[in-house]
Protein chains: 2
Amino acid sequence: MFVKHLPHKTVERLSQYRRTLLLILSKEKTHVFSHEIAQMLHITPVQVRRDLMLIGYSGNLRKGYDIKELIEMIGKIIDTEKGQKVAVVGLGNLGKAFISYFKGKRSKLTIVAAFDNNPYKIDKVYDGVPCFHVDRISEIIKRDNISIAIITVPSEQAPVIAETLVLAGIKGILNYTPKPLNVSPYVYLEEYDMITSLEKVAFFAKKNDERFK
Amino acid sequence: MFVKHLPHKTVERLSQYRRTLLLILSKEKTHVFSHEIAQMLHITPVQVRRDLMLIGYSGNLRKGYDIKELIEMIGKIIDTEKGQKVAVVGLGNLGKAFISYFKGKRSKLTIVAAFDNNPYKIDKVYDGVPCFHVDRISEIIKRDNISIAIITVPSEQAPVIAETLVLAGIKGILNYTPKPLNVSPYVYLEEYDMITSLEKVAFFAKKNDERFK
DNA sequence: AGTAAATGGTAAATGGTCAATACAATAGTC
DNA sequence: GACTATTGTATTGACCATTTACCATTTACT
């Protein structure tokens, strides 16, 4: 699939479209209209059509979009053919949450390894995912050809972990640590901080409340 | 503090500024320059100055910004005087992650209750936070005057939980479930889906890789 | 004094995203 | 054939975020 440039937001929505479509696939329905998708995700039908236009998928005028075809089409855009392997660095609560949450959800994206420095966790298997010592990050990543890493270690450790990952040839990092990271421009980095999110909610909740009082 | 309208991103950055400043407060430094803050967060100095301009804080030309004053100023903007109370609904891995992550970090924002439907967890205390049965959400929220809720339950349960929360008078919701929620406009809602994030990283990692190959 | 350097303050330009709107084309229905 | 529902597409305007550029002030140094 050759798509010039997909906006970040569109990529996010495509992921959501697919997940939503997978849910209604089991039903007897074979087609879906843009306004149905829109309603499920609380956006406008035009937004949906526009996104699908960008990836070059055309629906049927009278029946809407073929659910199965659309799911495949989105897969062609956002998945790779062979799939991508994912590692979780830091098997604390957050790392575990990710693994269980993810279990059996995506076929093209699989969590194949976890890393930690707690000896009690090493060489155990959590929810089907083997855990290794962080010292072996480079080795395992190269051996298993892992391209994506999720960092859920304590923030002090994040920078050195990130450096190790980049040197090992990782292609994308999802950083759940409040510590902003510095990585090579060849590596895609996405940062998310739960505390910032919560403070943001608190702020706008307060504002809302004042406004409507 | 009277600020017309703060953009979402600015609020997020203010939260980060404060956290970063708290870290360097212990040092002997009393002042900090915009380019120093910028460097720590990997943004531009102008961005920092612009954000601070929006909240009406002025620095000293030669010394930069007074760290302590700035922290206080940010607090005046994003905190409430009395503080806000937070509840975690769903004491699985993610809920626990949030609680431990949060412990002792913010004084104005405190997690005071957790809810779950697992009888083994009810009436226990996790990391200082008591856990109640979800049936008691309304009661506890009103009793303790909780204004913010974090939803980390399985996605099927999210809509009914959200409705309960709204009816109980919650002011802000942070939804970690892939299920988009529908809440009254008086309630501020922020949604975050870990799988979408990961798929986004996977997509742009792939793109990056193709581009630089 | 005069001047250069560093820094904060502010305005203007740019680019991305989205909502609203409009409308042509198509396929099915009456 | 007219009507209706839907997709496909373009346009506009608004808003937001970020970058660029420029100005003003202070300090240090000559």
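What you are looking at is a predicted structure, and each value in this text was computed from that prediction instead of being measured. A note on names: the letters A, B, ... follow the listed sequences, proteins ahead of strands, and every chain is numbered from 1.
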Spacing between [X] atom [atom1] and [N] atom [atom2], to the nearest angstrom:
X	N	atom1	atom2	value
B:Met53	D:dC16	CE	P	15 Å
B:His35	C:dA5	NE2	P	17 Å
B:Leu54	C:dG8	CG	P	16 Å
A:Phe33	D:dT6	CZ	C1'	7 Å
A:Asp66	D:dT7	CG	C1'	15 Å
A:Tyr57	D:dT9	OH	P	14 Å
B:Leu52	C:dT7	CG	C1'	13 Å
A:Ile37	D:dT7	CD1	C1'	12 Å

Exercise. Could A:Asp127 and A:Lys103 be called an ion pair, given the rule that one side-chain N must be under 4.0 Å from one carboxylate O?
Worked result: yes
### Query
Is it true that A:Glu199 and B:Arg19 make a salt bridge, defined as a side-chain N closer than 4.0 Å to a carboxylate O?
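Judged by the 4.0 Å cut-off on N to carboxylate O distance, A:Glu199 and B:Arg19 do not form a salt bridge.
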Under a 3.5 Å distance rule, please check whether B:Asn175 uses its side chain to pair with a backbone N or O of B:Thr177 as donor and acceptor. yes
Between A:Phe204 and B:Tyr188, what is the ring plane arrangement, given parallel below 30°, perpendicular above 60°, and tilted in between?
parallel
By side chain to side chain donor-acceptor pair (under 3.5 Å), A:Glu69 pairs with (sequence neighbours left out) A:Tyr57
The contact string for nucleotides 17-30 of chain C, one letter per nucleotide 5' to 3', using protein heavy atoms under 4.0 Å with B, S and - for base, sugar-phosphate only and none, comes out as SSS-B----BSS--
Practice prompt. Search all heavy atoms of B:Ile170 against all heavy atoms of B:Val187 and return the closest pair with its distance.
Written response: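 Nearest heavy atoms, B:Ile170 then B:Val187: O-CG2, 3.5 Å.
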